[in-house]
Amino acid sequence: MGESFSSLEEKVLDRIQTDFPVSVDPYGDIGRAVGCEREEAYNTVVDLRRRGIIRRIGGVFAANKLGYESCLAAARVDPSRIEEVASKIAEYPEVTHNYEREGSYNLWFTIVAEGMERMEQILNSVRESEGVRAVHALPAVKTFKIRVDFKFGGDDV
Amino acid sequence: MFDEIDRSIIRRVSGDIPESMFPFRDLADEMGIPEDELLKRLESYRAGGALRRFGAVLRHQKAGFTANGMSIWNVPDADVERAAERMTACGEVSHCYERPRFEDWSYNLYAMIHGKTKDECLSVADNISRDVGITDYKVLFSLREFKKSSVEYFSNGKQI
């Protein structure tokens, strides 16, 4: 750990998490918002990418609006088989996240699939895997909040 | 609803935009369409609700938010809205969903808590618990991260 950010970096991070400008001059726009020149805004972002702070810059889409089904799933897996099962699950491009967690349901994963049939196919394939005792599909019945920007600076940008 | 060009754009920007100073100009070149058409299409996805956000996705671990606890709560159905409201009011809570119960799984409300340390996350959950009066809850931290990737929509990849 031990990452620290300059005041400018914090402002840029707050700005671009919320909304990277979709325009002909996005870095000029960012510069105007945070109070620096286009070059400096651009170099700041390049540096943050290089340091691995920024995973990517792009679109975050609502899966269901694109005709996709998404759900969280929890599996009860024999601890001795968990790595094997995890690497099998990870092969599916539709599986976006895959974590081991504490508890009897110890393997958690998210699926974003083109249609319920494909979703069920993946879930059933996991159910049938050696060492998997049970799988619960946990789709969101209701969504109360989806927000993934982490406030760095205090100022509103 | 989405034509072939839309699908290509959506596939492309569900990844990472070019690192150049004028990324949309370069993207438009890549796709073989005029820049203003690209910008207009992107705005239309936003207006239609398909594009929730266009922005930077961070590696939270790298940014210092190393502790991520999935808090799971057994909340009486009648209290779900009220409990969720309290959870989402927390800056540390990024996602909050109601999910189904099962015979051996009584938790129906899930709130993702982020913090600099595990103790921070636990303390956030503790405060929520006291405020909403729900004691049947757990905070599940991840032990191992096997995969973390962004979803690629309309990908041309083979199905396995």
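Order of the sequence lines fixes the chain letters, A, B, ..., with proteins taken first and strands second; residue numbering starts at 1 for each chain. When reading the values below, keep in mind they use all heavy atoms of this one structure, side chains included, and skip hydrogens, waters and symmetry mates.
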Run the salt bridge (charged side-chain N to carboxylate O under 4.0 Å, His left out) check on Glu98(B) and Lys142(A) step by step: do they pass? CA-CA 5 Å; Glu98(B) 182 182 7; Lys142(A) 184 156 184 189; over 6 Å; no

Determine, step by step, whether Arg56(A) and Ser150(B) satisfy the side-chain hydrogen bond (donor to acceptor under 3.5 Å, both in side chains) criterion, reporting the C-alpha distance in whole Å, the side-chain angles of both residues, the deciding distance to 0.1 Å, and the verdict. CA-CA 9 Å; Arg56(A) 68 177 182 100; Ser150(B) 300; 3.1 Å; yes

I'd like to know whether Thr110(A) forms a side-chain hydrogen bond (donor to acceptor under 3.5 Å, both in side chains) with Thr96(A), so could you lay out the CA-CA distance, the side-chain angles of the two residues, the decisive distance to 0.1 Å, and finally the verdict. CA-CA 6 Å; Thr110(A) 50; Thr96(A) 50; 2.6 Å; yes

Checking Ser129(A) against Lys88(A) for the side-chain hydrogen bond (donor to acceptor under 3.5 Å, both in side chains) test, could you report, in this order, the C-alpha distance in whole Å, the side-chain angles of both residues, the deciding distance, and whether it holds? CA-CA 9 Å; Ser129(A) 300; Lys88(A) 185 178 170 200; 3.0 Å; yes

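Looking at Pro139(A), both its backbone and its side chain come within 4.5 Å of chain B, counting heavy atoms on both sides. Heavy atoms closer than 4.5 Å to chain B are found nowhere in Phe109(A), neither backbone nor side chain. Only the side chain of Arg46(B) comes within contact range of chain A, with heavy atoms under 4.5 Å apart. Contact of Leu72(A) with chain B is made through backbone and side chain together, with heavy-atom distances under 4.5 Å. For Tyr92(A), the parts lying under 4.5 angstrom from a heavy atom of chain B are both the backbone and the side chain. Proximity to chain A is limited to the side chain of Phe2(B), based on heavy atoms less than 4.5 angstrom apart. Ser23(A) touches chain B through its backbone: at least one of N, CA, C or O sits under 4.5 Å from a heavy atom, while the side chain does not. For chain A, the nearby parts of Arg144(B) are the backbone and the side chain; heavy atoms of each come within less than 4.5 Å. If you measure heavy-atom distances from Ala134(A) to chain B, you find no contacts under 4.5 Å at all.
A 6.0 Å sphere centred on CD of Glu85(B) holds no more than 12 heavy atoms belonging to other residues, nucleotides or ligands. Within a 6.0 Å sphere centred on NZ of Lys147(B), heavy atoms belonging to other residues, nucleotides or ligands number more than 12.
Of the listed residues Asp6(B), Leu39(B), Leu38(B), the one with more heavy-atom pairs under 4.5 angstrom with chain A than any other is Leu39(B). Of all the listed residues (Arg55(A), Lys65(A), Glu102(A), Arg76(A)), the one sharing the greatest number of non-hydrogen pairs under 4.5 Å with chain B is Arg55(A). In terms of heavy-atom pairs under 4.5 angstrom with chain A, the leader among Val93(B), Asn108(B), Leu42(B) is Val93(B). Chain A forms more heavy-atom pairs under 4.5 Å with one residue of Gly55(B), Pro23(B), Gly49(B) than with any other, namely Gly55(B). The candidate from Leu109(B), Val80(B), Leu51(B), Asp16(B) with the greatest count of non-hydrogen atom pairs under 4.5 Å with chain A is Asp16(B).
Between the side chain of Arg101(B) and the backbone N or O of Ser106(B) there is at least one donor-acceptor pair closer than 3.5 Å.
The aromatic rings of Phe61(A) and Tyr45(B) sit tilted relative to each other, their planes meeting at an angle between 30° and 60°.
A centroid separation of 6.0 Å or more is found between the aromatic rings of Phe144(A) and Tyr110(B).
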